[in-house]
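A short write-up of the structure that comes next.
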There are 2 protein chains.
Amino acid sequence: MGTVSRVAAKLNTVSPETRHRVEQAMRTLGYVPNIAARTMRTNRTKIVGLLLPDLANTVFLLLAKAAERLLGSEGYTLFLYSSERSPTREIEFLELASRYRMDGLIVSLSDETNQSVVEALSKMECPIVLLDRDTPIRADVVFSEHAEAMQRVTAHLIELGHRRIALITAPLGIRPGRERVLGYRAALRDAGLSIDETLIGHDYQTSKYGFSKALEMLRRPVPPTAVIAGGDEIFYGVLRAARQLNLAIPGDVSIVGADNRMLSDVVTPMITIIDRDMEQVGDTAADMLIRRMNGQGGEPVHVHLPSEVILRNSTAKPRPDLV
Amino acid sequence: MGTVSRVAAKLNTVSPETRHRVEQAMRTLGYVPNIAARTMRTNRTKIVGLLLPDLANTVFLLLAKAAERLLGSEGYTLFLYSSERSPTREIEFLELASRYRMDGLIVSLSDETNQSVVEALSKMECPIVLLDRDTPIRADVVFSEHAEAMQRVTAHLIELGHRRIALITAPLGIRPGRERVLGYRAALRDAGLSIDETLIGHDYQTSKYGFSKALEMLRRPVPPTAVIAGGDEIFYGVLRAARQLNLAIPGDVSIVGADNRMLSDVVTPMITIIDRDMEQVGDTAADMLIRRMNGQGGEPVHVHLPSEVILRNSTAKPRPDLV
DNA sequence: TGCTACAATGATGACGTTTTCATTTTGGGG
DNA sequence: CCCCAAAATGAAAACGTCATCATTGTAGCA
């Protein structure tokens, strides 16, 4: 009977006595509401999909945790999916979201220039919040600030006396990669230094690439005296390369990492990093999405969140004989 | 009409011509099947839930990836959930699984002695595969071997000349904690060494605990010459403690880690670890679950998978003055 | 007491799929 | 050329919930 539904929905159009009776019965019968049936009737699943490039990345986990907390308080369940940086898997995820009729999506693309992904994304029916990507899609976006922090930390290295500073970061196909290169160039330009293009790497966002690129650079006859790693994986790779070459940090080479507080804490010495508050990113994205799922209309909203440079022991003056 | 369903289900009771017509129409109308409706009719969601204690743990991610691959090939979607080692969240997950009518579950409990979790688990209707836990629940289980590998690595340290070997591992409320302590004790016993209970820690499975416990032990007037970390987080903590005290590895203290290949690769020096093939664990669990979901009956199956000791540079003879 | 107004509850249909059953069409053999 | 078997297709019911509408019960007021 419809009354059961009224009890479940906690409406107040049911007498206390009846409510009690129904609740009693639900317990003894082990009644569990059938979400599929509810979904068919209401067209809402109370599921929000979160698409991430990579789950091994602690940065994204902080974000996911924060988003889950906020969405959970509104009765939503978070569905976590990792694309492994594969556009094919990104499209598969969107397919999944359509079929299961998810109520909303938070999406971090692995390549914002990929046409088919962007097209599939723009065809979605549910509200979407994008993470840190420039696309023509009409959707809310949470941007992280990269250029300015990169400019600051590069300037800091220059001030310490570094002249050959390497930057290894994500491809230019995603905004963070582009922005970081921009900030880096700006700092060098401001200092009146020429830019050695061979000291900039932005081919892949993997630990392997960070490793091999850093290795190649640091083995040159005239190696860089500092290496800036943009992004978690590359950071790992750069650290491995430094160790492989038995380079002391910061004695032989200064290193700047990104995001990964856990790793940068455990490595000797503690690493200077560019950090951002991923919980804030998660909270912001979830909040924007909840509003949209509640039917709030209006133009797409763009939020910009700051990054922070945390100076620690991995950056110091270069050895005079290396400069 | 029912024919559409026949086309979607790829049954061969439909003429090629009609099939083509229907597929054409589906494309032009942008038809996406409604899983909720299908679920209501068939009582299957094609969703498998994976409950993990922690997503930051790379060990579990390898497992999840492997399971997802195998389940995906059978048309299942993996729903990932982290309990954050909270029994409350574990029960919430089971609630979720019931409401959404998931087809099967793979579950790693944070405390197998928790009555309400075990009870909730035993009330579930769908097939369940447990990961490495001893419970009275009638379900398939994938066990990892811990005791024997721990015994081997402890014996190795004894052979190198260590006499005060610390073990910091997971609580005895989960099988890996118990088994590791067993193996450790067995090795000491076999060598005829007495066991210093103050060198065994098994209170929490957190980085913080590993850090503070290792710090306390290593600061003693007569500190251990080797520390074995059982589990990922504790491993992190032990490394941080060693760094904080400026202890050289393995000069001042030998260290044995667990599971985390990524971390043990990047830290100087490379760390001796107890390792296991988590992809195999994931594959095995997924395979067992798929069989059950296909209706295969029979007694619960228990599978035991091996662990491996990988000797690297973090274990060496203790300094003579320390022994 | 009798009427109205409102609260509480019962009955019913619709959501989109699958499946079963009935009907129509097709093709082959007598 | 006709009939029957088999293949193809159409029609209809059911899954569990929620929302709408109709009905019953109750209390308040004249």
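In what follows, chains carry the letters A, B, and so on, assigned in the order in which the sequence lines appear, proteins first and then strands, with residues in each chain numbered from 1.
- Ring geometry for A:Y204 against A:Y209 counts as perpendicular: the plane angle is over 60°, on a 0 to 90° scale with 30° as the lower cut.
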Test salt bridge (Lys or Arg N to Asp or Glu O under 4.0 Å) applied to A:D134 and A:R178, step by step: CA-CA 11 Å; A:D134 280 322; A:R178 286 198 304 277; 3.2 Å; yes
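- Under the 4.0 Å criterion applied to side-chain N and carboxylate O atoms, B:R291 and B:D140 are not assigned as salt-bridge partners.
- C:dC15 atom C1' lies 8 Å from atom CG of A:N43, rounded to whole Å.
- The distance between atom CZ of B:R41 and atom P of C:dT20, rounded to the nearest whole Å, is 8 Å.
- In this structure, A:Y100 atom OH and C:dT17 atom C1' are separated by 14 Å, rounded to whole Å.
- Atom CZ in B:R38 sits roughly 15 Å away from atom C1' in D:dC15 (whole-Å rounding).
- Distance, A:R21 CZ to C:dG10 C1': 12 Å, rounded to whole Å.
- The nearest whole Å value for the distance from the CZ atom in A:R44 to the P atom in D:dA19 is 11 Å.
- If you measure from atom CG of B:N34 to atom P of C:dC15, you get 12 Å, rounded to the nearest angstrom.
- Distance CZ (B:R101) to C1' (D:dG16): 9 Å, rounded to an integer number of Å.
- Around the NE2 atom of A:H20, the shell of radius 6.0 Å holds no more than 12 heavy atoms that belong to other residues, nucleotides or ligands.
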